[in-house]
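First the proteins, then the strands, lettered A, B, ... as listed; each starts at 1.
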Protein chains: 2
Amino acid sequence: MPKVGMEPIRRQQLINATMAAIDEVGLAETTVMRIARHAGVSAGIISHYFGGKDGLLEATMRQILTDLSTAVAVRRHALEDDSSRAHIGAIIEGNFDRTQVTGPAAKTWLAFWASSMHKPMLQRLQNVNDRRLYSNLCHQFRRVMPRLEARNAARGLAAMIDGLWLRGALTPEGLDAEEARFLAHTYLDQLLAHYGCQQPASNTYS
Amino acid sequence: MPKVGMEPIRRQQLINATMAAIDEVGLAETTVMRIARHAGVSAGIISHYFGGKDGLLEATMRQILTDLSTAVAVRRHALEDDSSRAHIGAIIEGNFDRTQVTGPAAKTWLAFWASSMHKPMLQRLQNVNDRRLYSNLCHQFRRVMPRLEARNAARGLAAMIDGLWLRGALTPEGLDAEEARFLAHTYLDQLLAHYGCQQPASNTYS
DNA sequence: ATTTTTTTATTGAACGTTCAATCAATAAAA
DNA sequence: TTTTATTGATTGAACGTTCAATAAAAAAAT
C-alpha cells in the first residue's frame, strides 16, 4: 500500500522495532525477520532503507545517543540557577530521564555498549558521547575546585552514573530511577561539600 | 596424541581460549572453530568436554565469577584490622585485582554481563554474585551507620565499582586499576566520613 | 471525469554463506 | 588388544541479502 513520503515513518518504525526486539530477546538473537515482524513489514525493507542490518543497528544507537543528549540539554537550558551544582544536577537528571531509563531503551543501550568494544563505528559513537559527558562534568567541577580534584570528581560521578545504569538494566525489575537519582545527587553533594559549597535550597528527590 | 587425564587440562585450555577469543573479536563473533584454533585443538572437542558451545560459555563465566570471589576472599582473610573500613577496602581491592582487570577477563566479563540479560542460566550466576557483593557491603556498613544509610552506601559503592569496571572495559587502553582503586577508596572515605569514622592510618594508593 | 502511464513502496522466494553439532575413522597409550 | 582421546568432513538449520514481481498512488493524457 505505497503512499509517498513513507521513508521517515518506516525508518522510525524500524528503529523502534529494533529496540523492542533487543528488549525481548537480546541483540544476539535479534534477526532482521524478527525486527520486520515487530514493525509489521517484510524483511527486505530493512536493506532498502538502511542498506542492511548493520545500518539499522547503527541508526538505532545514534537515536539513543541523540535522545540522551537532548534530555540533558533541555534540562540545562531550562535552568534558572547558573551554579555548577545546578548544571551537574541537570546532567544527572537528564541521564535518568524517563524515556531513557524505560525497558527497551536501557537494554538496547547496554547491548550496544558491550557490542561497541569490537565494532569501530559503534565505538566511535560511544566515545564521542562519553567524552561530552566527561568534559561537561569536568568543566562544571572546575568552577569550584582545583583541576586535579575536578578531574577525579568528574570521573567518579561518570562512573557512578554508568554503574547505576548498568545495574538498572540488569535487574529484572528494571532501574529504579528515583533511587538512582537520589544516590547520584547524594554523591554529588558529598563531592561538593568538601569545597564548602552551600547545600541546595530544596532537595526534591525523595 | 591421546594421553590419559587430559580432561582437566583441556577444559582449562578451552576456557582460556574462550576468553582470548572474546577479547579478540567479541562474543558475537566467537565461534567454536575460533576457540578451538586458539586452544590448538579441533572444534569437535568442545562438544565432547562441555556438551556444546553453551556449556563452554557457562563454564567460562563460572570461572570468572569464581576468580573474583576468590580474589576478594583472600584479601579479607589476610586482614589484620577487623574494622568495617578494612573489610570494605579489601572488597574494593579484590574487585580490582590484577588478574580480573586485565584485558581478556574484563572484556569477557562485560560481554557476559550483557548476555546475561536474556540467558536465564547466566542471569542466575550473575545474580548470585551480585547479591553477595551487596550483602557483604551492607553488612559492613551497618556496623557504623543506621540501616537505611548502610543500604544506600552499599548500593552506591556497588554502582561505583561496576561503573569503573564498565568504563575500564570500554576504553581502548583498558582499565587504569590504580585510578579506579583510588576513586573507589575516596568514595568509601566520603561515605564513612559522614559518620565520624577515623581516617585510615596510611592511604597507600597513589 | 476517465483512462493510461509513470513513479514509488513493498513483498517474499531464492541464493549463498556461516555455524554448531555429529559421528565414523584414527591413532596413541595402557 | 583394549581403552581413551581426538580429528575433520558432513549435515542440516538459520541467517542476511538480493531482485524480479506486484500493487498502490500520483501524474499525465484523453
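- Here the nucleotide nearest the side chain of A43(A), chosen from dT17(D), dT7(D), dC15(D), is dT17(D).
- Atom P of nucleotide dA20(C) and atom CD of E29(A) are separated by 13 Å, given to the nearest angstrom.
- The side chain of Y49(A) contributes an N or O atom lying less than 4.0 Å from OP1 or OP2 of dT10(C).
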When you look at E29(A) and R34(A), which way does the salt bridge (Lys or Arg N to Asp or Glu O under 4.0 Å) test go after all the steps?
CA-CA 9 Å; E29(A) 296 191 52; R34(A) 190 183 289 269; 5.3 Å; no
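- Taking OG1 of T171(B) as the reference point, atom CG of N127(A) lies at 9.0 Å (rounded to 0.5 Å).
- F50(A) places its CZ atom 15 Å from the C1' atom of dT10(C), with the value rounded to the nearest Å.
- The side chain of S47(B) lies closest to dA21(C), out of dC15(D), dT6(D), dA21(C).
- The separation between M6(A) atom CE and dA24(D) atom C1' is 12 Å, rounded to whole Å.
- Across dA20(C), dC15(D), dT10(C), the shortest atom-to-atom separation from the side chain of T31(A) is found for dC15(D).
- Proximity of Q126(B) to M61(B): side-chain heavy atoms (C-beta onward) are separated by under 4.5 Å at one or more points.
- Below 30°, between 30° and 60°, or above 60°: for W165(B) and F96(B) the angle between ring planes is below 30°, a parallel geometry.
- Checking the phosphate oxygens (OP1, OP2) of dT6(D), a side-chain nitrogen or oxygen of R10(B) falls inside 4.0 Å.
- In this structure, CD1 of I46(A) is placed 8 Å from P of dG16(D), rounded to the nearest angstrom.
- When side chains are defined from C-beta on, R147(A) counts as touching R142(A), because their heavy atoms get closer than 4.5 Å.
- Nucleotides of DNA chain D nearest to S42(B) and T30(A) differ in position, and the one nearer the 5' end is that of S42(B).
- For the pair K53(B) NZ and dT22(C) P, the interatomic distance rounds to 15 Å; values are reported in whole Å.
- Closest to the side chain of H48(A), out of dT7(D), dA5(D), dT10(C), is dT10(C).
- For the pair E7(B) CD and dT4(D) C1', the interatomic distance rounds to 11 Å; values are reported in whole Å.
- In this structure, CD1 of I45(A) is placed 5 Å from P of dT11(C), rounded to the nearest angstrom.
- Between the CG atom of L56(B) and the P atom of dC19(C) there is a distance of 16 Å, rounded to whole Å.
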For DNA chain C, just give me the dot-bracket, please: Watson-Crick or G-U, both distances below 3.5 Å, ( ) intra-strand, [ ] crossing earlier pairs, | paired with another strand, . unpaired.
||||||||||||||||||||||||||||||
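- In summary, the side chains of H38(A) and Q13(A) do not present any donor paired with an acceptor at a separation below 3.5 Å, with no hydrogens or angles considered.
- Residue-level contact check: G51(B) touches neither bases nor backbone, having no heavy atom under 4.0 Å from any strand.
- Salt bridge annotation for E179(A)-R167(A): absent, with no cationic side-chain nitrogen under 4.0 angstrom from a carboxylate oxygen.
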